[in-house]
Amino acid sequence: QKEVEQDPGPLSVPEGAIVSLNCTYSNSAFQYFMWYRQYSRKGPELLMYTYSSGNKEDGRFTAQVDKSSKYISLFIRDSQPSDSATYLCAMNTNAGKSTFGDGTTLTVKP
Amino acid sequence: EAGVTQFPSHSVIEKGQTVTLRCDPISGHDNLYWYRRVMGKEIKFLLHFVKESKQDESGMPNNRFLAERTGGTYSTLKVQPAELEDSGVYFCASSPAGLYTEAFFGQGTRLTVV
C-alpha cells in the first residue's frame with residue numbers, strides 16, 4: 001500500500017468553479033504537507049505548505065490538513081484556465097525527502 | 001536569481017549505454033535531492049545530499065545508479081549500464097539548510113532508454 005494516495009482525476013471544471021483536490025496518507029510521522037502545481041514539461045512548483053492541522057489560505061487557494069483523519073485537501077476558488085495543470089500532494093517527515101501522491105490533472109474550461 | 005538547472009533536458013540512449021545527468025542547484029542551497037517519475041507512477045525519492053555528503057540514498061534503485069556532488073555545488077547522476085526500466089523523468093530539487101525549507105525543482109531530464 002502506498003503511503004500517500006491521491007484522488008486520481010482527471011478533473012474538468014468550468015471557469016469560476018470551486019475545485020477540491022484530496023489526498024490521504026498512512027504514515028503518522030508526516031509533519032509537513034505540501035501542494036505542488038506542475039505544468040506540462042516543467043518541474044513541480046510549490047503552491048502551499050502547512051505544518052499543523054487546520055486551514056491555510058493564500059489568495060484563491062486554501063490548504064486543509066486533518067491529521068486525525070490523515071487527510072489533506074486543496075481548494076481552488078474561482079478557478080481560471082491558467083490553473084489547468086497537474087496538482088501533486090507531497091509530505092515530509094523531519095528527514096527532508098518528500099513522498100508524493102500520483103497527481104491529479106485539472107482542466108479549467110473557459 | 002537562477003533557478004535549479006538540469007542538463008540535458010532530454011536524452012535518448014540505447015540499453016547498455018551510460019548516461020550522466022547534471023543538476024545545478026540554486027547557489028547557497030545545502031540540500032540537493034534527486035527524484036524520478038516513471039510513466040504512470042508517482043514521483044519517487046532517490047537520494048538527498050547535504051552539501052557534498054550523501055544524507056539519504058535509500059531510494060536509489062540499484063548499484064547501476066551513482067550520484068555525486070562535487071564540492072557541495074552541482075550534482076551528477078550516472079546510470080551505467082542503462083536498462084529499459086530506467087526510462088522516466090529525473091528531477092533535481094534544492095533547498096536551503098533548515099528543518100523544513102521550500103524545495104525548488106528543476107524542469108527535469110526526460111530519459112528514454114531504447
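Order of the sequence lines sets the chain letters (A, B, ...), proteins ahead of strands, with each chain counted from 1.
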Contacting region of [X] [heavy-atom separation from chain A under 4.5 Å]:
X	value
B/Asp56	side chain
B/Ala93	neither
B/Phe104	neither
B/Ser58	side chain

Measure from the side-chain N and O atoms of [X] to the backbone N and O of [Y], and report whether any donor-acceptor pair falls under 3.5 Å.
X	Y	value
B/Thr101	B/Ser95	no
B/Thr20	B/Lys78	no
B/Arg22	B/Thr76	no
A/Gln6	A/Tyr87	yes

Among B/Gln6, B/Lys44, B/Gln55, B/Arg37, single out the residue with the greatest number of heavy-atom pairs under 4.5 Å to chain A.
B/Arg37
Audit row: A/Ser73, A/Asn22, side-chain hydrogen bond (donor to acceptor under 3.5 Å, both in side chains) steps and yes/no:
CA-CA 4 Å; A/Ser73 297; A/Asn22 308 294; 2.8 Å; yes
So if you build clusters from Ile, Leu, Val, Met, Phe, Trp, Tyr with side-chain heavy-atom gaps below 4.5 Å, do B/Trp34 and B/Leu111 land together?
yes
Is there a donor in the side chain of B/Ser87 and an acceptor in the side chain of B/Thr112, or the other way round, less than 3.5 Å apart?
no
Can you tell which part of [X] gets under 4.5 Å to a heavy atom of chain B, answering side chain, backbone, both or neither?
X	value
A/Gln31	neither
A/Lys42	backbone
A/Tyr36	side chain

Most heavy-atom pairs under 4.5 Å with chain B, out of A/Gly101, A/Ser98, A/Gly103, belong to A/Ser98
